[in-house]
S.K.: 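To start, I am sharing the structure in question, which I have written as structure tokens.
Naming: A, B, ... by sequence-line order, numbering from 1 per chain. Below, each value reflects all heavy atoms present in this structure, side chains not excepted, and no hydrogens, waters or symmetry copies.
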Protein chains: 2
Amino acid sequence: MTVVQHGARLPVYRQIADRLRAAIEAGAIPPGDRLPSEAALVAEYDVSRGTARRVHRYLASLGLVEVEPGRGAYVVERQP
Amino acid sequence: MTVVQHGARLPVYRQIADRLRAAIEAGAIPPGDRLPSEAALVAEYDVSRGTARRVHRYLASLGLVEVEPGRGAYVVERQP
DNA sequence: CGAAATTTGTTCGTATGTATC
DNA sequence: TGATACATACGAACAAATTTC
């Protein structure tokens with residue numbers, strides 16, 4: 001894992017979310033595409049599911065993604 | 001249910017897995033035989049499917065069983 | 001052959017307990 | 001005290017693979 005553990009300036013969920021946000025804004029994850037699932041984030045970053053959920057929740061609070069129960073977190077269409 | 005609930009020293013999925021492991025090692029469930037399905041574990045121990053899945057996954061991590069999609073969890077042939 | 005049933009795979013929603021900072 | 005983070009455990013819904021009828 002590359003993210004800095006608990007106690008760092010930024011919480012782990014923010015570090016991961018910032019990465020995804022950068023990828024979204026760079027177009028690497030285009031609108032309509034699905035973000036890594038909670039389970040995928042758990043596996044990729046070796047974090048708990050709670051932290052993975054927070055990543056999605058935080059990005060949703062920014063209006064960048066929409067989380068759909070049973071389906072996943074999708075990048076929303078950007079405002080022109 | 002006979003297993004001890006959440007908060008106990010051993011998690012529920014471990015308690016159930018340990019029972020099955022003992023049965024496997026005792027030869028009660030011979031190699032090639034199928035373990036109780038997730039649904040069967042749910043019914044027998046009154047646990048959630050997630051916990052039942054964990055039982056299979058844990059035994060698989062021990063190399064005792066192989067889980068095959070659509071088929072079930074099977075006891076592997078033992079090393080001589 | 002095809003439909004139904006069975007079984008595992010995946011996804012998110014929610015709650016609880018513990019530990020740490 | 002509160003936020004963070006871990007692990008466990010419940011549930012719901014749908015998908016995919018396989019078996020059974």
S.K.: Measure from CZ on B:R9 to P on D:dT8 and round the result to the nearest Å.
M.R.: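 Distance check: B:R9 CZ to D:dT8 P gives 15 Å.
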S.K.: Could you state the CD-C1' distance from B:E66 to C:dT8, rounded to the nearest angstrom?
M.R.: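 In whole Å, C:dT8 C1' and B:E66 CD are 15 Å from each other.
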S.K.: From CG of B:L35 over to P of C:dT6, roughly how many Å is that when rounded to an integer?
M.R.: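 Going from B:L35 (CG) to C:dT6 (P), I get 19 Å.
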S.K.: Would you mind reading off the distance between A:D46 atom CG and D:dC6 atom P, rounded to a whole angstrom?
M.R.: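 Atom CG in A:D46 sits about 8 Å away from atom P in D:dC6.
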S.K.: At their closest point, which heavy atom of A:L41 faces which heavy atom of A:V47, and how far apart are they?
M.R.: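 That closest heavy-atom pairing would be O-CG2, 3.9 Å.
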S.K.: Distance criterion of 3.5 Å, no angle test: do you see the side chain of A:R49 paired donor-to-acceptor with the base of C:dG13?
M.R.: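 Side chain to base: pair found, below 3.5 Å.
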S.K.: I need the CZ-C1' distance between B:R57 and C:dT10, as an integer number of Å.
M.R.: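 Roughly 12 Å, once rounded to whole Å.
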S.K.: Counting only side-chain nitrogens and oxygens, does B:S37 get under 4.0 Å of the OP1 or OP2 atom of C:dT6?
M.R.: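 For C:dT6, OP1/OP2 do not have a side-chain N/O of B:S37 under 4.0 Å.
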S.K.: When you measure from the side-chain N and O atoms of B:R71 to the phosphate of C:dT8, is any distance below 4.0 Å, counting only OP1 and OP2?
M.R.: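 No, because none of the side-chain N or O atoms of B:R71 sits under 4.0 Å from OP1 or OP2 of C:dT8.
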S.K.: Find the distance B:Y45:OH to D:dA9:C1' and express it as a whole number of Å.
M.R.: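 One finds 17 Å between C1' of D:dA9 and OH of B:Y45, rounded.
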S.K.: Closer than 4.0 Å, any side-chain N/O of A:S48 to the OP1 or OP2 of D:dA7?
M.R.: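 Result: no.
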S.K.: Minimum heavy-atom separation for B:P36 and B:H56, please, with both atom names.
M.R.: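 Taking every non-hydrogen atom into account, O-NE2, 2.8 Å.
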S.K.: Between B:T51 and D:dT8, is there a side-chain N or O to OP1/OP2 distance below 4.0 Å?
M.R.: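 Checking B:T51 against D:dT8: no side-chain N or O falls below 4.0 Å of OP1 or OP2.
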S.K.: So what does A:G50 touch, heavy atoms closer than 4.0 Å: a base, only the sugar-phosphate, or nothing?
M.R.: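 Answer is nothing: A:G50 stays at 4.0 Å or more from every strand.
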S.K.: What nucleotide, of D:dA9, C:dT11, C:dG13, holds the atom closest to the side chain of B:Y13?
M.R.: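 Output: D:dA9.
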S.K.: Would you indicate whether the side-chain heavy atoms of B:V12 and B:I16 approach each other to under 4.5 Å?
M.R.: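 B:I16 vs B:V12: side chains touch.
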S.K.: Would a 4.5 Å heavy-atom cut-off, applied to side chains only, mark B:L10 and B:D18 as touching?
M.R.: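 Sidechains of B:D18 and B:L10: in contact.
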S.K.: Given atom CZ of A:R53 and atom C1' of D:dT8, what is their separation to the nearest angstrom?
M.R.: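 In whole Å, D:dT8 C1' lies 15 Å from A:R53 CZ.
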S.K.: Of the nucleotides C:dT11, C:dT8, C:dT14, which one has an atom closest to the side chain of B:P69?
M.R.: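 Nearest to the side-chain atoms of B:P69, counting from C-beta on, is C:dT8.
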S.K.: Mind checking whether B:R21 and B:L59 have side chains closer than 4.5 Å, heavy atoms only?
M.R.: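 Side-chain contact under 4.5 Å: yes.
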S.K.: Looking at the side chain of A:P11, which of C:dT11, D:dA5, C:dT8 is the nearest nucleotide?
M.R.: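 So the side chain of A:P11 is nearest to D:dA5.
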S.K.: Does B:R34 reach a base, just sugar-phosphate, or nothing at all? Heavy atoms under 4.0 Å.
M.R.: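 Here B:R34 touches the backbone only, sparing every base.
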S.K.: Which nucleotide wins on minimum distance to the side chain of B:V47, given the candidates D:dC10, D:dT8, C:dT8?
M.R.: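 Of the candidates, D:dC10 comes closest.
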S.K.: Does C:dT16 have a Watson-Crick or wobble partner in any strand here, with both distances under 3.5 angstrom, and which is it?
M.R.: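 D:dA7 is the nucleotide pairing with C:dT16.
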S.K.: Atom CD of B:E38 and atom P of C:dT6: how far apart are they, to the nearest Å?
M.R.: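 Rounding to the nearest Å, CD of B:E38 and P of C:dT6 are 15 Å apart.
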